[in-house]
Amino acid sequence: VNDRPVVAVVVFPGSNDDRDAGWALGSVGAEPAFVWHEETALPDGTDAVVLPGGFSYGDYLRTGAIASVAPIMGAVRHFASAGGPVLGICNGFQVLCEARLLPGVLRPNRQLEFVCSDATMRVEAVDNVFLRRCTVGQELVIPVKHGEGAWYADEGTFVQLAARGQIVLRYADDVNGSLGNVAGVVNDTGNVMGLMPHPEHAVDPLLGSADGGLLLAALVDAAARHGALAATPV
Amino acid sequence: VAGARVGRVIDLEVGVDDADAARAEIERMCGELLANPLIESFEIRLEDS
């Protein structure tokens, strides 16, 4: 038994960053618990959920579409609606949009080419559980690697999201044709976030940047708070 | 060329005789999964088999 918050990492067929996510979460104080997509419940004591990067179900139909109706997603939806922190990275972001737990959709990159590089992004809002260790205007360097990362929503939705602080990360440069250079968004209650960049690949300065660790550590903070809340007798 | 479009065709075999029921069922499937209304539109064509 240990007191590390349990962060469930969902594994879909075609997920490929699940192990990296688990390792990175461990490095910032979490106990990762991998959960297969066919399960209908999250592991006991789950305090937060991560949907990792990859190519779930081969990205057939649309990226993230099939995964959005996987058996485990009912439990993820329930966990999110109860205020539990849920983070979708890259393909996980696409899954959360398709599941309509996050606004918008990810389209093919405007340049129609896979992009794989470090990206600089600006923190736009910190009144959510994921960016509490950052400040507004702070620049983060986190790698991106995706073919379908151009976030899109209609103009009215975009303006509304920006006004509500739901547009939380924007690329400093145009990386993929994303509307407003959006790199990450949160839901209206600030406990569900998706981003195309990979914070789990940026937790050690030796590998170029540790900026992703700020985000993951804030997720673990939120997981610990959520766990404490769940453990409080009513 | 007056117009061009790219899309996908999904052939579904449904085991019902009632065309209205079939259409309603397929519309539900399109709304929930087969199409994403933010970026896609869809059209249903029924054929007897």
Side-chain angles (χ1 to χ4, degrees), chain A residues 12 37 56-74 76-77 88 91 93-110 112 147-161 166-167 176-180 182 185 187 194, chain B:
Chain A
F12 298 103
H37 70 118
S56 57
Y57 299 89
D59 277 344
Y60 281 98
L61 193 60
R62 291 175 308 279
T63 56
I66 310 285
S68 76
V69 293
I72 192 63
M73 289 306 291
V76 172
R77 196 179 289 279
N91 191 225
F93 185 14
Q94 296 163 337
V95 173
L96 289 173
C97 286
E98 282 287 343
R100 295 169 203 179
L101 287 168
L102 286 175
V105 62
L106 283 310
R107 300 202 293 193
N109 296 346
R110 183 195 283 149
L112 301 179
E148 306 200 17
W151 183 83
Y152 169 81
D154 65 69
E155 193 63 32
T157 303
F158 175 69
V159 169
Q160 199 172 47
L161 293 173
Q166 289 182 248
I167 306 293
N176 53 25
S178 197
L179 178 68
V182 168
V185 302
N187 67 342
Chain B
V1 179
R5 64 173 293 279
V6 175
R8 75 163 62 81
V9 176
I10 301 174
D11 289 325
L12 297 170
E13 252 177 67
V14 289
V16 290
D17 293 330
D18 181 349
D20 289 341
R23 183 176 290 278
E25 181 68 1
I26 294 167
E27 255 176 39
R28 187 185 64 78
M29 292 162 71
C30 288
E32 286 179 10
L33 177 67
L34 298 179
N36 185 326
L38 288 179
I39 48 170
E40 295 171 322
S41 56
F42 61 88
E43 179 187 323
I44 299 168
R45 287 184 204 169
L46 295 178
E47 284 172 25
D48 290 333
S49 59

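Owing to the predicted nature of the structure, the values given are computational and were not obtained by experimental measurement. Below, read A as the first sequence line, B as the second, and so on, with proteins coming before strands; counting in each chain starts at 1.
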Exercise for the section: Would you indicate whether B:D18, at its atom CG, is surrounded by more than 12 heavy atoms from other residues, nucleotides or ligands within a distance under 6.0 Å? Expected result: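 For B:D18, atom CG is crowded (more than 12 foreign heavy atoms under 6.0 Å).
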
Problem - Which portion of B:I39 sits near chain A, non-hydrogen atoms under 4.5 angstrom - result: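 The side chain, not the backbone.
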
Counting distance alone, with no hydrogens or angles, which donor-acceptor pairs between chain B and chain A are under 3.5 Å?
| from | atom 1 | to | atom 2 | distance (Å) |
| --- | --- | --- | --- | --- |
| B:R8 | NH2 | A:L61 | O | 2.4 |
| B:G31 | O | A:R100 | NH2 | 3.1 |
| B:L33 | O | A:R62 | NH1 | 3.3 |
| B:L33 | O | A:R62 | NH2 | 2.6 |
| B:L34 | O | A:R62 | NH1 | 2.9 |
| B:N36 | ND2 | A:E98 | OE2 | 3.2 |
| B:E40 | OE1 | A:R62 | NH1 | 3.0 |

Problem - Non-hydrogen atoms of B:L34 and A:L61 that approach each other most closely - result: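 Heavy atoms of B:L34 and A:L61 come nearest at O-CD1, 3.8 Å.
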
Problem - Which atoms of A:V69 approach chain B - backbone, side chain, both or neither, heavy atom under 4.5 Å - result: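 Side chain only.
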
